[in-house]
Structures are given as C-alpha cells and as structure tokens.
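Everything quoted here is computed from the prediction, not taken from an experiment. The analysis underlying the following values was restricted to heavy atoms, covering all of them including side chains, and did not include hydrogens, waters or symmetry mates. Below, chains carry the letters A, B, ... as their sequence lines are ordered, and counting in each starts from 1.
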Amino acid sequence: MDLHYSAEDLAFRDEVRSFLETSYPDHLRSRASRDEVTKQDFLDWQKILYNRGWGAPAWPKEYGGTGWSSTQKYIFQEECARAETLGVPPFGMSMLAPVLMAFANEKQKSYYLPRILDGTDFWCQGYSEPGAGSDLASLKTRAEKDGDSWVINGQKTWTTLAHFADWIFVLCRTDPTARKPQEGISFILVNIKTPGVEVRPIITMDGGHEVNETWFTDVRVPLENIVGEENQGWTYAKYLLVHERSGIAGVARSKKAVERLKHIASIELDRGEPIIRNADFARKVAELEIDLTALEFTELRTLAREAQGKGAGPESSVLKIKGTEIQQRLTELTLEAVGVYGAPYFRGFPMEGGNQFPIGPDYAHHSAPAYANMRKTSIYGGSNEIQRNIIAKMVLGL
Amino acid sequence: MDLHYSAEDLAFRDEVRSFLETSYPDHLRSRASRDEVTKQDFLDWQKILYNRGWGAPAWPKEYGGTGWSSTQKYIFQEECARAETLGVPPFGMSMLAPVLMAFANEKQKSYYLPRILDGTDFWCQGYSEPGAGSDLASLKTRAEKDGDSWVINGQKTWTTLAHFADWIFVLCRTDPTARKPQEGISFILVNIKTPGVEVRPIITMDGGHEVNETWFTDVRVPLENIVGEENQGWTYAKYLLVHERSGIAGVARSKKAVERLKHIASIELDRGEPIIRNADFARKVAELEIDLTALEFTELRTLAREAQGKGAGPESSVLKIKGTEIQQRLTELTLEAVGVYGAPYFRGFPMEGGNQFPIGPDYAHHSAPAYANMRKTSIYGGSNEIQRNIIAKMVLGL
Amino acid sequence: MDFNFTPEQDTLRDQIARLVRDQNDFDTRRKVSRSEPGWRPALWSQFAELGLLGAPFSEEDGGFGGSVVESMIVMEEFGKGLVIEPYLQTVVIAGGFLRHAGSAAQKEDHLASIIGGERVFAFAYSEPKSRFDLNDVSTTARREGDGYVLNGHKAVVLAAPFASHLIVTARTSGAQRDKGGVSVFIVPKAAKGVSTRDYPTVDGLRASEVYFENVHVPASDLIGAADHGFPLVEAVVDEAIAALCAEAHGAMKVLNQTTLDYSKTRKQFGQPIGNFQVLQHRLADMFMAYEQSVSMTYMVTLKLGEPETARKMAASAAKVQIGKAGRLVSQEAVQIHGGMGMTDELNVGHFFKRLTMIESQFGNTDWHLRRFTELSNS
Amino acid sequence: MDFNFTPEQDTLRDQIARLVRDQNDFDTRRKVSRSEPGWRPALWSQFAELGLLGAPFSEEDGGFGGSVVESMIVMEEFGKGLVIEPYLQTVVIAGGFLRHAGSAAQKEDHLASIIGGERVFAFAYSEPKSRFDLNDVSTTARREGDGYVLNGHKAVVLAAPFASHLIVTARTSGAQRDKGGVSVFIVPKAAKGVSTRDYPTVDGLRASEVYFENVHVPASDLIGAADHGFPLVEAVVDEAIAALCAEAHGAMKVLNQTTLDYSKTRKQFGQPIGNFQVLQHRLADMFMAYEQSVSMTYMVTLKLGEPETARKMAASAAKVQIGKAGRLVSQEAVQIHGGMGMTDELNVGHFFKRLTMIESQFGNTDWHLRRFTELSNS
C-alpha cells in the first residue's frame, strides 16, 4: 500500500499542468463562473484538446484516444479541476462513444467517433420521458419501420443541451408486443435537424436553460441509424449507465469548490470577523472537507479495483450518492456564507457594464441559483433513491 | 389564543408543588438516579399518592380517579418531573385500567380497579412474542377452553417488570381458524403466581434487568378472567395502544433532563473551560432545547384538541417519535459531556462504601448504560418505523 | 391556556384565503413578479378595503383591535399563496415601530395612511458588511441644527422599489458594532439625497440598494429615543420573525400537500410513488416538520409580549426550527417531484426559493442558534 | 499509488482471522471479559508465537519488518472479534514510543519483551480534568538527583490492571495546559508509590485509576527529550488513532453483516424485514458508512509518515468519519434488530458499546473536528 505517484505520473502531471497554463484560453477562463456557457465555448475547448491529441482522455488509442492509465486519467481530471477548465459534455464523449465502440458496426464507428473527437458533432441523450423518469424501461416513444426508414413518434424530456445538439441518441420502443417493458427497445441515432424533431426549452427554477423537451413527430431516419441489434437497446442503455462512471464522484471539482468556499468565507464577515472563524460555519466546512476526503479515497480504491480489471460495479452508486450530496452541500454553504447578498437575482435582466454585476460581491451573484440548480444532481443520472435501491439489491442482496 | 394558566390552574400547581415538597420521601429521592428501582419503591410512592387521593390522576372520579382537567393532568406531570419523582409504571394504571373501564364487566371493574389504585396489584403486559415484535397480530400464544378454565400455552417476551408483577394481561389466540391474524384473539388476565407461569430475566446490553421472557405452560385460569368478548381482544389491544397517549412525549421529564445536562456541562471542562462554552457542544444542547420546545407546543396543541373532544388520533405518533428521539439525544449528549469517565462500568460489581461509586463524578456513572438503554425507546411501544407508517397511512392517506 | 381562534379570526382567515385564491393564483403571481412594477397597488388597495392592513392595530390607533395573532393569520395565508405585496415591511415592521415607539404626531401622520393603504414602507437596516447583526450599523446620522444628516448604504432593502417611506437605522454615536448609539428614523424615499438601485430577488420579490447622501431628516422623524434604538429594533424584528414563521408554515403546508398529491398520482414502476415506503417515511418527516413549525409559530407569537430575554429566545428558537423545517420540506418536495420539481413551471421551485430566502431573512439558522445559546447560557 | 496488500500481509490477515475465530468466539470473549483477570495471558503468548506482537517493528528492532499497515491488519481483525487483549496499548502505543524516541538501551530493555509477549504496557495520559487534551497534564515529574519524582492521578488507564509497565505523561515544567514541559516516562507498575484502582469498562475492557505518590523514576526511563514530549505523544496517538480506525471498521463490518443477515431472516408482517424499502435504504447507508470508513482508515494509515500538520489533519479527519460512521452503524444495527438488539445475549450490543467507546477514545468527534478546523484554517 502506498499513496505516492510514480516519477512517470508526476512528470505527466507537470505536463498536463503546464499545457493547461499555456493553452487554456482567457475567454473561457471568465466563462466558468458565468451564468451560461455557450456552445461555442464547448467547441473551442474541445478543439484545443483535440489539437493536443487529448480530445478523448478515456478512449483507447485505436479510436484516437489517449490510451492513458487510470491514474493518468485521474491526474488529468484533477488538473482540469485545479485549472477550473470547462467540463466536456459527457453525452457524445463518455456515454455514446463507449456504446458505439462496443456495439456499433464499423461504418458507424468510423463515421461517428471521429466527429465526436474533433467536436464536429454535438450529441445529446434521448432517454427520459414525461412518464418515465427513473423508471426508464416504461418509455413510450415508438419507432416503426416504413420502407428504408424508422418513423419515430413520441416525446423525450430532460434532454440536456439539446438546444446545442447536432444529434440525439434515442431509446425507442420497436416491439410494443414484447413481454417485458425492458424488451423491444432499440437504440437509434437521430440528426436533430431531421424534420419533425422539435426542441422546446425547459426553464428550471434557477432561471437557467440547460434541459429541454424534445418532440418527435413522424421523424424519418434511415434504418441503418440503429445501433446494434433491433430490440436490444435496453442492453446498450444499461451498458451506458454503468460504463464510464469514473469522474461521477466529481471529487476534483469539489475540492476546487471547497477552496473557493473557504476563500469566500475568509472575506465574508460575521460579527466583524471572517465567517470561517465562526465555530459553526468552520465545523460545517470541515465536515464537508472530511466527507470529500472519504469520497476521494473511496474513488481511489474503486480505480484501483478497476485497474485490476475487477470493475467498478454497483459500488459506483456510492460515488454517485456521496458525490452529489457533497456538490449540493457546497452550494448550500456558499449561499450561507454570502449572507444577504444571496438574494439579488440577475439572470435575464439586462446588466449595466458588461460582465460585472452591480450588486454585492461577484461570488455572491450566482449563489442562490446554483444552490437551486444543484438539487438536480440527486435526481438525474438515476436518482439517489434508485442508487440506494441498487446498493440494496446488487451489493447487499436484498 | 393565550399561553397563560388561569388563577385556578396556578393555585393547583402550587398545591401539587407543595405536596411533592413535603410528601415525597427522601429514600425515593436518592433512588431516581440509581441503577435499579425496587418494587417496594414503586409501592411506596403509589401509596403516598393514593393516600392523598391522587392515586390515579387520569381516571374518572367514579373509579377513584381525580377527575382532573387535561390542563391539571399536564400540570401534575410537569410538577412530578420538576421534583424528579419516580414514574408510575403504566401497565396497570394507564394501559389495563382504561380497557377495563371500557370493556370489563362490573365484577371485574370492582375487583381489579381498586387494587390497581391502592397498589395491591402490580401488573405487567403480555403482548409481544419472539416471532411478533412490531407485528403484534401474528401472535401464537394459545388459550384453549377446558371445563371452567382457559389453558394457556406459549411465550411472551419483553414483559417489562414481570419480575415485580402480581398479574399479567395476556393476548392469546383463542380461535386459530380465524380468517385474519387480527381475529380470534382474546384478552385474558392471569395471576402470575399461577402454576406454569415462568418469568425469565432478559439482561439488556446496559446490564440492566427490566424486561423478561414469560413462559406459559398449561397455565389454567378461570374462564371469567377474559375481558370483554371472546375473540375480540384485538379491539381492546388497539384501544389500549391509542388510549392514554398523553405523557408519551415525556416533555416534562426531558425538560428536567436538559437542566441536568446543562448542569453537568457547566462542571465538565473542555480546554479548561466548562464545556457548555464550547460552541459545538452548546449548539447541540440548544438544538435539543429547541426541539423540545417544539415538541412541548405540539403536545399542548394535542391536549387542546383532546380537551375539545377531537381526540389525539394518529398525531400522537409525532409525539412518540419526537419524544423518544429527544430522550435518546439527551443520553447521547450526557455521555459526550462526561468525557473519559463515561467508560467505567459498575453494575453488578460490588461497590465499596455503599451508594457512592468510587470512580469519576456521580453523574458520569450511569451515562453510558443510560445511552445504551435508551435505544429501546425507538423500538418499543410500536417502533418509530411503525409510527411513521401510521402517519403515512392514517394522516397522509398513503 | 388556549390555542383556539376567535370566530372573528376565523372569518379574517377565510376572507384572506378567498382573496389569495381569487387574486393571486400561481400564474398571476409569477406574471406580476416578473413585470413592472413587481407588485399590485390595486391588490394592496383591496387589502386595505378588507381591513387587512389595520388588522393588528388597536382601535385607538385607528385599527381593528387585533394583535400579533391577526398578523400571524394574514402571513400564514400569504405564505400559502406566495404573496409578494409588502405586508411584512409595512404593517408588521413599520407598524410595529409606530406601535412601540411612535409619537402621537408620528402615529397621526403614518398609521392612518398605512391602514388605508396609501403608504408603503420598507425597512433599511442591513448593510454590505453587517451580515445579520442589527447593531452593526455604519450608516451615520449626524446631528445638525434641529435634525440629522444621514449618510450610508443599506443593502438588499426588500420592498424599497415601491415604498413611499423607509424606516432607517443609523448610528448617532458609538462604533460600528456598538449596541448603543443606534437610532431609528422615518425617511420619505423622495427625500433629497436618497437614491436606490432596484432589482428583483431570487424568490420573486423586489429590493434595492439604498444610498443616503447628506439626507436631512428632521428630529421629528426620529422614532423612539436617539442612541437607544437597538432594543426597539430587536423587539420589532422579533415580531417580524414571528410573522415570517407564519408565512413559512403557510408555504410548507401547501408544499407538503402538493408533494403528497403528486406522490399519489405520479407512477413509477407501475405504481404511485407514494406506495414506496421510503417516500412514505419522508413524507411523514415532512408532515412532522410542518407540525412542529406550526407549534413554534404559535409559541413565538404568543410569547412576543414576554420579557426581553424570553421573547428573544422564543424568536430565535422559532426561527431555528422554521429554518430547518423549511430546508427539509423544500428540498424533499423538489426531490420527490423529481425533474418536474426543478422546473420554473410548477409552484414547487417557487416555494423552494421563498423558503430558502426566509431561512436567512433576519438571521439564519446558525445566527439564531448562537443567539439562543448565548441567552440560554448567560 | 497502490491499495493492494502484499502476499505476506494477506497471510498475516488469514492467520489472525483464524486465531480470532478459533480462540475468541463471542461466548468465550464475554466469559473472559467478565471474570478475572479480564484477559488471557495464554492467548497473548499465542499472539507472540504467531509473530503478531512483532509485526510492525523493523528487523533491526527485532521485529518482522512490517509497518503501520501490519498494525492496521491486526487491529481490523481484532475489531471483528472484539478482542480485548491490549495490542493497541502494548504494540502500537508503547511500541510506537520506543520506535520513535526510545534510546538504544530502552529498545534493548523493552522491545524484545514486547515482541516476545513478556511485557504488557498501558498508556497513562488522561487525567480527571484533562478531557481529551494531551497537553493538559497536572501530574508532575520533579527533577531530583539523577532522576524524577512523579506525583499525580491518571484516569481511565485502559489495560492497566494487567500491565507490567506504564507509559506516563508528566509535567516537568510549565503550566497545566502548556504544550511545552510535558515529558514521557516508562514506569514499572510495580514501582514504589504506584497504586491502582481497577475496574471494568462498559465495553468489556479493564482500566484503572492510577495514582503516583512520590514515585522515583531514573532519568534513563525518560523517553525522548525532557519537556519536549508533547509532539512525540501526538505522533504516537495519531498512530493509535489509525489503529483504532482499523478496529472500528472491522467491528462495523461484522455488525453490518450481522444486521444484513438478520434482515434477511427475521420476518414481520409475513415477509423478511429486509424487503422493506426503508430498511433497505438504511442498510445501504450503513454500507456506505462502512466503505467510507475503510477508505479513511487506509488514508490515515498511509499518511502517518507525512509532515506534522498533514498527519494530524489525516488523523482527525479519519477519527471524525469513523466516529460518525460507528454511531450510525451501531445505532441502526440495534434499531433494525429490534428488541433482540438490546439484549446482552447477542453480539450486537457488544459491538454497539465498543464502537461507542471508540468514538471518545483519544478525542471524540467534536474534539477532532475542532482540531481539523484549526489546522485547516491556520
């Protein structure tokens, strides 16, 4: 047992760090703490990574990935968090791509994967439906064969960043007569410009626009747009859900956020002293730091198991639950730290003087919307209730 | 709306207070904080109350009770807690007696009730069985008619203070062919000296002896010892469970215990200062006090509803849950306050010098066993999980 | 001991409930809060006509002879409907200052206009660095001639965008955090030297940063004794806390009911999600949190007349309970609603945001826990 | 980065597990703990024969070349079996003092006897008023001639009833709570002037109040430098904390498994209670608490060699996590077992009591949270 990085890993860390210092552009630096990230922001960052050969840290070399070890991937994540870079949207890179690599035909792989890698195609995910949130298998969107096309009708919801997307991968019911709800589902790729696809924004309570409803009305796509076998989509969907869970804990980003929180708490005053000196507040920050340390080492243990080929398995539910609880707690404490200046609300109201909000300290502007927004993390990606069910069933055998 | 006591109520409070000051005997005063209360202690205290005419504060006058208003009963409880008197075991006084008053025949009432009132009979409760904890209806103890007798066979468990008891009221299955588990149960009174009754102690993890297993082997009791109708025992059992829930919250006792805790915390040192000045400890005590205030006013609201004849109903589950959580928390914080002297254990080991324990401060001696012992409160009387089920079903309609 | 409402109080509640239902449905409220001017003067006039704005004032003050209990009823019903009109600032707070310490002339000048709905007040007390401490006052009121000259910056003054008058705390002596030396003034917003920057708040209200630049205030607009305003501010704020608690429990009541209803209709895995025992227990916990909040609201409301220490402890205890309960209920309501709970379209998120803001209004949970602790162990 | 055990470490674990299973089943352990002398010297000899007592010592110290990882393995397995023999006090703590600061002569004198199982140590550091502060030392060591004279009272000295030697902290200079002026001594329990009052503890161990009355100690029994013992004590106690964390997670592992097994067999309302979703989620929470505890045990064990601040923060963080997890797991295990969990007859209550005592050993959760906070924000 040993905690230390090897000399090679340390050299790699320095390489990543210096790349981020020199290559991460200023115009994206200021974005990170802003309300809305634009599609162009994502494309710019992906292009920079791609040009460096790091367009897909988690992919195997044969598909243009880096072929990094899990320690290297971990270091890369750590350094990106440290430098507060934009995240890379997971839909194409970490969700669709592994499914394509495992189940798509050569033609599909050679067409779609490079376009994800270089940022040509922006993907989104068509899973949830209004009647099927955590209960994915009860989906109703239909795809019927008609000549050389699938004809898709139905509605998806919570389609994150669909308003940026070029493509959407859609779970469709292709055999309505199947005995079990999990059967008779297919995994189909749809160009979002196809006639009949309509993306309608859902505004969330923080005032943001991240998610959408996506409607399909007689949408015709070529039969060849199916991935893998007809009616086997549920298998691929599940593969996607358990694959590539590394990073789900968000440890590196949360560590950076703890730093930010402590910085804010060293400025905000309570009885004339920095609030970090308030015993109650300090205790809550310490508890959070300690929870995060526990999560970090649980993730490291998981990575070690994965590196031995043992697979993360349902233990990744622990990472999801604890990771999101910490992310939520961070926003709760940030809002608490900023006191009365958590109240002013600016989104959607024209600002004077460009990027600078006029009221209260910068770090306070987004604190209440961020708190509200992060409630989503215990709902999406399989709600934390579902994750506890998974632990009970898969780990504990209940 | 008004919080103040009427002049009559204030006069009553003074009367109770002065009675307790003059009449509560010294030899019981020292008992309250001791390991084990003896049967004689209970009898002594009941006799004093009886002689004052206050043997049964909650009973109607016709049965020798006080006929007090609910405010008066509340005041009496408050004052007893304030004076740290012994409690009165509920089995005869608050559990059996209301059932007898409602369902027993005149002969039974006139025989049993006066003997409860003056302390002649000490009762215990034969409800739970090894296979039926919270699921009372699945009980297996049988009573079969044989001539002029019931013949009882089976086993009850968690029979609190059965080792003090003269009598036990027993739920028995009298119709094994009934369609539902709730049917075919009868409510039978058994003199504990009857041949075939055997009381075996259960030692709990705190080292104490409060509960027992009670075995029935061909125990013969007269047919007339049944209360109410044959096979209707479940009705009476439920009546008993919802009746007389006042005091279940234990507010008055917990208020006194908070005082004791704060006293301890003003003596015990942390970094050379009383630990009550430690911000974390003080916060926890304050949260407890506040929770207790909320519970107190919830109980007062319940009493007000009851006084209007609206009945406490399933809301009493709130009192049970919150009341026991507070009682448990009190012992947790007391153990925490006493620091290293929570560890020494004395029960069952001969002590030098009589009542005085030799190691550490008096108030520390019982702190760890008390913490362990109070875990029972969220298990007994319908576990707190069952109480939440009741709220969900009966109050929320789920 | 009595926890019953009078028939008059029951009638008052029914009237408000009907008004809120008819005039302040969720869509209307959302539209009003997102357009100018951010409130409805016409609705305010209706409040006045119905007598709501005079409910807690004595008859000799021109009111309808009610008390803090009437304000509790109003605020609870307003909480159920997420009402944004500034009853708290105008009636509870400004009205409270006038009731407690207003001179005959001040009452004469302001009370009838409050009760009649002509004047709206805001309470300018917090400052960029004061956090929740009412004694932390950097705004100065310099004695000059027959009056005072105010200079300073007040932060997040709720209802200021549509207020005609401000209640302002300012320092007439002492250092920034001294408890002595605080004075309270009534300042017309139109007074020379008062300027504001107005903005919406996350919970759909409006607020301003208010700047005082050599604002001349006559001595007759000082409320109470100069330098001794702090205990008065504390007393009024404790009343505001009681009112906020009522608003919060009203909001929780609706949020619990909405969540309960949703859990009975929304199906997952072939059954209503309310069948799942985990959600049942969490809904039971939400119910308990609500019940305890009602209890604490009654408690603090009925103890507002107690001696200072008891009153403060009651207010802090209630604020702590309501803060925790509001957080539990609002977070669980969103969680149980799932994605739908996150949307701007349902009222759930709006209750969530209001309860979140109430938690920090007039001191957050930690702040009141500390105040309670200090009073309890002193 | 490596979280794997060596084959030798795996073998060590297997050996201990077998020994504990064969020699320390629940009934035996309970009987031993309740009769005199309250431990088993014969079992201790077996530990020595198996090499457990030398596992963490270097080969040059006569040990088997292991490290803190070996102690972690021993303590985890001991935790699973609620072993009462004083490995922590003798090997981890006394061994730790000797490893860190023992003179050649002291190592020569004591290490072989520890490894061979001939000497048993106890650590006399806490005092009636010191709570958890290692620097709070009233026991005095007055310089006299070539040695020291000790006077004082040490509280709740675990394992002292059967110890041959004591490690004692005493003040050689400074005031009661000064960090300077603390010195560490080895004192044979048989030394003149040492007296004890022995008693059992709630978790089935044995402890003593230890009194020093003009106890003469030669300077050669001072460990480390006079007056500078405090950092040494802190370092050794952090190692003891790591070992306690391992013991605690071992205990939690068994308690979780026992509770899980029970929930699969115990029936209520016609089905195993493990079918109830509320219990499923609580068992999931217990599982998570255990997993996080394992992680924190590894973390602190592997960071014992870090610079002082990092080491202390690691130890405090781990102790906080383990304290909370132990409380959650032990309380839930009792609750899920229902009445049976309350009895002396099942092992559940015994694990409950041991985990409860671990929570306060070497500083409770609050104490370590504060230490962590102070280090984190300094």
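Contacts of D:Y199 with chain B are made by side-chain atoms alone, with heavy-atom separations under 4.5 Å and no backbone atom involved. For D:Q335, the parts sitting under 4.5 Å from any heavy atom of chain B are the backbone and the side chain alike. Contacts of B:P361 with chain D are absent, with no heavy-atom separation under 4.5 Å from either backbone or side chain. Using a 4.5 Å cut-off between heavy atoms, D:A155 contacts chain B through both its backbone and its side chain. Both the backbone and the side chain of B:S378 come within contact range of chain D, each with at least one heavy atom under 4.5 Å from a heavy atom of that chain. Heavy atoms of B:V338 lying under 4.5 Å from chain D belong exclusively to its backbone. Interface remark: B:I202 contributes side-chain atoms only to the contact with chain D (heavy atom separation under 4.5 Å). With a 4.5 angstrom heavy-atom cutoff, B:A364 does not touch chain D via any of its atoms.
Here CD of B:E213 is found 9.5 Å from OG1 of D:T343. Values are rounded to the nearest 0.5 Å. Atom CH2 in D:W367 sits 12.5 Å away from atom CD1 in B:I275 (nearest 0.5 Å). In this structure, CD1 in B:I203 is found 10.5 Å from CD in D:E345, a value given to the nearest 0.5 Å. The OG1 atom of D:T356 lies 11.5 Å from the CD atom of B:E336; values are rounded to the nearest 0.5 Å.
With respect to the salt-bridge test (charged N to carboxylate O, under 4.0 angstrom), the residues D:D366 and B:K284 qualify. Salt bridge B:E385/D:R282: present, at least one basic N to carboxylate O contact under 4.0 Å. A salt bridge between D:K129 and B:E268 is absent, with no side-chain N of the basic residue lying under 4.0 Å from a carboxylate O of the acidic one.
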Decide yes or no on side-chain contact (heavy atoms from CB on, under 4.5 Å) for B:I379 and D:H337, but give the supporting numbers first.
CA-CA 9 Å; B:I379 297 169; D:H337 274 87; over 6 Å; no
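Nearest approach of D:V202 to B:G342, heavy atoms of both residues: CG1-O, 4.1 Å. For the residue pair D:M357 and B:A368, the shortest heavy atom distance occurs at CE-CB, 4.0 Å.
Contact tally against chain D (heavy-atom pairs below 4.5 Å) for B:P181, B:A372, B:S383: the top residue is B:A372. Interface summary for chain D: among B:N278, B:T157, B:T204, the most heavy-atom pairs under 4.5 angstrom belong to B:T204. Of the residues considered (B:G272, B:A137, B:P369), B:G272 shows the highest number of contacts with chain D, using heavy-atom pairs under 4.5 Å. Options D:Q176, D:K267, D:M340 differ in how many heavy-atom pairs under 4.5 Å they form with chain B, and the most are formed by D:M340.
Other residues, nucleotides and ligands contribute more than 12 heavy atoms inside 6.0 Å of the NZ atom of D:K264. Remark: D:E213 CD is loosely packed, at most 12 non-hydrogen atoms of other residues, nucleotides or ligands lying under 6.0 Å away.
Looking only at side-chain heavy atoms (C-beta outward), D:M342 and B:V211 stay at 4.5 Å or farther from each other. Residues D:P128 and B:Y341 form a side-chain contact, since some pair of their non-hydrogen atoms from C-beta on lies under 4.5 Å apart. Within the 4.5 Å cutoff, no side-chain heavy atoms of D:S360 are placed close to those of B:V340. Side-chain contact check for B:P344 versus D:T201: every heavy-atom pair is 4.5 Å or farther apart. Residues B:R375 and D:Q331 form a side-chain contact, since some pair of their non-hydrogen atoms from C-beta on lies under 4.5 Å apart. With contacts defined as side-chain heavy-atom distances shorter than 4.5 Å, the pair B:K376/D:V334 does not qualify. The shortest distance between side-chain heavy atoms of B:R271 and D:D133 falls below 4.5 Å. Counting only heavy atoms from C-beta outward, the side chains of D:R370 and B:D270 approach each other to under 4.5 Å.
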